[in-house]
Each structure stands twice: as C-alpha cells, then as structure tokens.
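Worksheet: the structure to be examined is printed underneath.
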Amino acid sequence: MDRETDKRPNTAYLWLLGTAVAWSFSGVFTKMNSQPGFLISAVSSTVALLFYFIVIRPTIHVSRLVVAAGIASYAMSITFTYANKLTSVGSAIVLQYCSMAFVALYEAIEQRRMPPARKVLVIAMALTGMVVFFFDSLSPENVAGNLLAIISGAFFGLMFFLNAKRGSSPVTSAMISCAISVVPGIPFIPRLPQVQMHEWGLMAAGGIVCSGLANVCFSRGIVRAHPLTANLITMLEVVFAPTWAFLFFHESFGRFALLGTVLIIGSIVVNLVLEQRERETSTAPAMSEGAC
C-alpha cells in the first residue's frame, strides 16, 4: 500500500500541524536569549536528549538511512542559522522552504520520472505565498546568506524525503542531530556561569518544545503522510512564528502577509483535496474487485 494512503492520513495531518506549532516557538525562545547561538543550540539539544531518554524512552533504531536523516537534519539547522546571520530573516525562510521543490526532485530521481502536474502546481502556489508573505523583507543583495538558505532547503527536503521512507526512525534521527549539535557548543562551556536563570528556562523550553515535542509529533506524522504533504503542512510554521513575534515583541506584519497566508493555506488545501481524490481513485478498483 502507498505511504500516502495508509495509517490514517488525517491523523498524520494533525501531528504535522503540531510540529509546525512547536517549531514556530524557536524564534521566540532564541530572540529572548542573549547567549550565543551555538551555546543555545547545544544546551537545548542536551535538554532534548534528556527528554527523549527520560520521558519518551524510544526504541533506538540505527541504520544508514537513520544516520543519514540525522545528519541531514543537523546540516539543515546549522546552514539555516548562518543564513539568518548573512541575509534577512524573510529571505532565509522563503529560500529554505524551496525544500518542497527538492522533495519533488529527490522523488523524481528515485522514481526516474517527472513529478506530476499537481505537485508542480502546489509547489508553485506555496512558494508564491511564501514570497508574498515576506515580500517587504526580502533581501536579494545578500548572496552568501541566500545561497546558504537554499542549501538549507536542500537538506530540509532531504530530511523529509529520508524520514518518510520505510525503515526510517525519525526520533532516532532527531537524537543523532541533537548529539551532533552539542559538539559546537563545547567551546562555550566557560560562559555557562554567566547564563541567567530565565535564559536557562528558555533553552530548556526550546529543547523540550522545539526539539523534543516537535520531533515526536514529526515522527508520528511523517510516517503516515507523503513527504511533500508533510513539508507543506509544517510550512505553517512561517505563519505561526510571526504571530508569536507580534504577540510577544509587537513586531508588525508586512503589507502582503494576509495574501501570503491565504496562498500558503490554499496550497495545503488544494494538495489535500487532490491527494484525497487520488486516494479514492486508487481504492475504487480494489473495492470493485472485492464486490465481484
């Protein structure tokens, strides 16, 4: 049975929506913390690992696929961090979510055929919504940062593509990514006595919410949904994140944010409707044979 049609896909959409909400708090927790990014990432990742071992207690599955997905997740995160330092936040997010195009590319290479027209339509619609949403903050002159954001998008797409495969273990891959993230924070250990109590709380919240809970939701959603669909739904992160920034920091939305939101949500709805029609079409012959 196809991965798009098994294991109650509607439940998968809710898990992926939860992933988007959890991921969206990352910017808030980071912006309220004055510590270096590598230290924040290392401490949050350590907390996330403790959360996995103490609370989730997952069954660890290690394979080349699982390790590759973990490395892709880390590479996505670190390139996106540096992209944000070298270009505008809007440009980094828009370019990173070219990941959808990379998902379609990886599938086309694996299946040795061009992606169907509906996928091209949905990707174009979603990317247009992203560009419109952040139109006021796009920064084309920062070439290095923009290039890193595209590279981050390639790894982001690879993360979805690999974790959707049979034999994957998204939670184990997330733990591998967290373990790798701890290493760059080692040189910042002498700064630990300078960390304020509320900053410890923010890093702990980031580890539990943005890594731990987010990856639990992601692992339960990605195994029940097509990787492109999963990528589209989690893209709602870019709608939630500015909302939290508005509520916590009174940052205003761009003039085109509403139109961009409509296009992004519209692309998700169009994809789900077309996916449902394909599912019904594929199951109709089987039901007819069973009735004979």
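In summary, the aromatic rings of Trp15 and Phe218 are positioned with their centroids too far apart to meet the 6.0 Å limit. Taking the six-membered ring wherever Trp is involved, the centroid distance between the rings of Phe38 and Tyr82 falls below 6.0 Å. Checked against the 6.0 Å centroid criterion, the rings of Phe155 and Phe161 do not qualify as a close aromatic pair.
A donor-acceptor pair under 3.5 Å is absent between the side-chain atoms of Ser211 and the main chain of Ile208, judged by distance alone. With hydrogens and angles disregarded, no donor-acceptor distance shorter than 3.5 Å links the side chain of Ser26 to the backbone of Trp23. Glu237 places no side-chain N or O within donor-acceptor distance of the main-chain N or O of Val21, the cut-off being under 3.5 Å. With hydrogens and angles ignored, the 3.5 Å screen pairs no side-chain donor or acceptor of Thr234 with any backbone N or O of Leu16. In terms of modelled atom types and a separation under 3.5 Å, the side chain of Ser177 and the main chain of Ser173 share no donor-acceptor contact. At distances below 3.5 Å, at least one donor-acceptor pair connects side-chain atoms of Ser267 with backbone N or O atoms of Ile264. Of the possible polar contacts, none joining the Ser152 side chain to the Gln96 backbone as a donor-acceptor pair under 3.5 Å is found. Looking only at distances, a side-chain donor or acceptor of Arg224 sits under 3.5 Å from a matching main-chain atom of Arg220. In this structure, Ser168 contributes its side chain and Asn163 its backbone to a donor-acceptor pair below 3.5 Å. Side-chain atoms of Ser45 come within 3.5 Å of backbone N or O of Ser41 as a donor-acceptor pair.
In terms of heavy atoms, Met100 sits closest to Ile123 at O-CD1, 3.6 Å. Here the closest non-hydrogen pair linking Phe256 and Val132 is CB-O, 3.1 Å. Ser24 and Trp244 get closest at one heavy-atom pair: OG-NE1, 2.6 Å. Looking at every heavy atom in both residues, Val103 comes nearest to Pro227 through CG1-CB, 4.0 Å. Here the closest non-hydrogen pair linking Gly212 and Ala48 is N-CB, 4.3 Å. Shortest non-hydrogen contact noted between Val66 and Gly167 is CG2-O, 4.0 Å.
No side-chain N or O of Tyr97 forms a donor-acceptor pair with one of Asn231 less than 3.5 Å apart.
Tracing side-chain contacts under 4.5 Å through hydrophobic residues (I, L, V, M, F, W, Y), one reaches Leu247 starting from Val239; they form part of the same cluster. Note on Leu121 and Val131: separate hydrophobic clusters, where clusters join Ile, Leu, Val, Met, Phe, Trp and Tyr whose side-chain heavy atoms are under 4.5 Å apart, directly or indirectly. The hydrophobic cluster containing Leu258 does not contain Val238, counting ILVMFWY residues as joined when their side-chain heavy atoms lie under 4.5 angstrom apart, directly or transitively. With hydrophobic clusters built from ILVMFWY side chains whose heavy atoms lie under 4.5 angstrom apart, Val55 shares a cluster with Leu49. By the rule that hydrophobic residues join a cluster once side-chain heavy atoms approach within less than 4.5 Å of another member, Val270 and Val262 end up as members of separate clusters.
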Margin query: Let's go through Phe53 and Met175 carefully: what are the C-alpha distance in whole Å and the side-chain angles of both, what is the deciding distance for side-chain contact (heavy atoms from CB on, under 4.5 Å) to 0.1 Å, and is it a yes or a no?
Written below: CA-CA 10 Å; Phe53 283 118; Met175 294 174 71; 3.4 Å; yes

Next item on the list: Tell me, with the steps shown, if Asn215 and Tyr52 meet side-chain contact (heavy atoms from CB on, under 4.5 Å).
Entry: CA-CA 10 Å; Asn215 286 316; Tyr52 289 129; 3.0 Å; yes

Next item on the list: Give the C-alpha distance, both sets of side-chain angles, the deciding distance and a yes or no for side chain to side chain donor-acceptor pair (under 3.5 Å) between Tyr106 and Gln111.
Entry: CA-CA 9 Å; Tyr106 300 143; Gln111 299 170 5; over 6 Å; no

Next item on the list: Before giving the answer on side-chain contact (heavy atoms from CB on, under 4.5 Å), spell out for Ile265 and Leu236 the whole-Å C-alpha distance, their side-chain angles and the decisive distance to 0.1 Å.
Entry: CA-CA 8 Å; Ile265 295 176; Leu236 287 172; 3.9 Å; yes

Margin query: Show, in sequence, the C-alpha distance, side-chain angles and deciding distance for Leu192 and Ile189, and conclude whether the side-chain contact (heavy atoms from CB on, under 4.5 Å) test is met.
Written below: CA-CA 5 Å; Leu192 291 179; Ile189 289 178; 4.1 Å; yes

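The side-chain heavy atoms of Trp200 and Asn33, taken from C-beta on, include no pair separated by under 4.5 Å. Residues Asn146 and Ile150 form no side-chain contact, since every pair of their non-hydrogen atoms from C-beta on lies 4.5 Å or further apart.
Residue Leu39 holds its CG atom at 9.5 Å from CD of Gln194, rounded to the nearest 0.5 Å. If you take CG on Leu263 and CE on Met130, they are separated by 12.0 Å, rounding to the nearest 0.5 Å. Rounding to the nearest 0.5 angstrom, the gap separating the CD1 atom in Ile109 from the CZ atom in Phe102 is 10.0 Å. In this structure, Leu232 CG and Met125 CE are separated by 10.5 Å, a value rounded to the nearest 0.5 Å. Here Ile40 contributes atom CD1 and Ser181 contributes atom OG; the two are 13.0 Å apart, rounded to the nearest 0.5 Å. If you take CE on Met235 and CZ on Phe156, they are separated by 10.5 Å, rounding to the nearest 0.5 Å.
The pair Glu107-Lys119 counts as a salt bridge, with a side-chain nitrogen and a carboxylate oxygen less than 4.0 angstrom apart.
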